[in-house]
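Each remark here refers to the structure printed beneath this line.
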Amino acid sequence: MSHALLVIDVQNDFCPGGALAVAGGSDIVSPINAVMADFDAVILTQDWHPAGHSSFATTHSADPMSVIDMPYGPQVLWPDHCIQGTEGAAFHKDLNVDAADMIIRKGYNPAIDSYSAFFENDHTTPTGLTGYLNTRGIDTLTLVGLATDFCVNYSAVDAAKLGFRVTVRTDLCRAIDFDGSLVAAVDGMKTAGVYVV
Ligand code: VGL
Ligand code: ZN
């Protein structure tokens, strides 16, 4: 058994002061650093959108947090966030990035959002993470990071469907909790066979 820590989107824009701030987002940084040494591998994800991304409300002249129909299904429209190369897209300054074996970026396709570290929101286009984990013999994952109800949730459900043993440490996550999204996410993760602790 080889067990990796998957640290989801601990980036400035998801922390207080950022463009899509998650309440308490910075509070999880030191505790995440503290558990890194307990794992066989540490993998970080980075939300990484081009300017004018299709998940941005401004791109559609719509209100942030409104929902539109995309070819792949409903899509929440977010404030502009995690634009490639900006300070908002950078990891939180205290995150121990040096401890990472692998950093995987997602959301770079202008036409499709990518909450999950495994597949874009069409649930089909792979990011390549599955191949990386498989070739390293990693079969067990613990997920932490931001946000519980979006990128952590989608990543955990995909990982479970792919056959990984998956635990989400909710004490090391923080949620956006928009319109019942947190309750629905925890429910969906448990149904998919994720250990939510
Ligand atoms: C996320 C909304 C948009 C996340 C990323 O990291 O949970 N949420 N992009
Ligand atoms: Zn995003």
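Keep in mind that the numbers below use all heavy atoms, side chains included, and drop hydrogens, waters and symmetry copies. What you see is a predicted model, and the numbers here were worked out from it, not measured in a lab. Counting convention: from 1, in listed order, for ligands and their atoms alike.
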As an exercise, state the distance from [atom1] of [X] to [atom2] of [Y], rounded to the nearest 0.5 Å.
{"X": "C82", "Y": "E87", "atom1": "SG", "atom2": "CD", "value": "11.5 Å"}
{"X": "R174", "Y": "C15", "atom1": "CZ", "atom2": "SG", "value": "11.0 Å"}
{"X": "D139", "Y": "L141", "atom1": "CG", "atom2": "CG", "value": "8.5 Å"}
{"X": "I8", "Y": "L143", "atom1": "CD1", "atom2": "CG", "value": "5.0 Å"}

query: Does the ring center of F56 lie less than 6.0 Å from the ring center of H81?
result: yes
message: Just to confirm my output: which protein heavy-atom neighbour is closest to atom 6 (O) of ligand 1, and how far is it?
response: D9 OD2, 2.7 Å
- prompt: What protein heavy atom is closest to atom 8 (N) of ligand 1, reported as residue, atom name and distance in Å?
  reply: F150 CB, 3.9 Å
query: Which protein N, O or S atoms sit under 2.8 Å from the Zn ion (ligand 2)?
result: D47 OD2, H49 NE2, H81 NE2
- request: Check the pair K106, D9 against salt bridge (charged side-chain N to carboxylate O under 4.0 Å, His left out), reporting the backbone distance first and the verdict last.
  value: CA-CA 10 Å; K106 61 184 180 62; D9 299 0; 2.9 Å; yes
Within-cut-off N or O pair, [X] and ligand 1, under 3.5 Å:
{"X": "Y115", "result": "no"}
{"X": "C151", "result": "yes"}
{"X": "D47", "result": "yes"}
{"X": "V152", "result": "no"}
{"X": "I8", "result": "no"}

message: Membership question, hydrophobic clusters at under 4.5 Å side-chain separation (ILVMFWY): are Y132 and L162 in the same one?
response: yes
query: F150: what forms a ring-ring contact (aromatic ring centres under 6.0 Å, His included) with it, not counting sequence neighbours?
result: W78, Y115
ring-ring contact (aromatic ring centres under 6.0 Å, His included): pairs with one or both residues in residues 172-197, sequence neighbours excluded: none
task: Not counting sequence neighbours, list each pair that qualifies as a ring-ring contact (aromatic ring centres under 6.0 Å, His included) and has a residue in residues 24-45.
output: H3-F39
- prompt: For ligand 1, which atoms have a heavy atom of H81 less than 4.0 angstrom away?
  reply: 3 (C), 9 (N)
message: Closer than 4.0 Å to some heavy atom of L146 - which atoms of ligand 1 meet that?
response: 4 (C), 6 (O), 7 (O)
task: Would you check whether Q11 reaches within less than 4.0 Å of ligand 1, judged by its heavy atoms?
output: no
- prompt: Do T45 and S155 touch side chain to side chain, with heavy atoms closer than 4.5 Å?
  reply: no
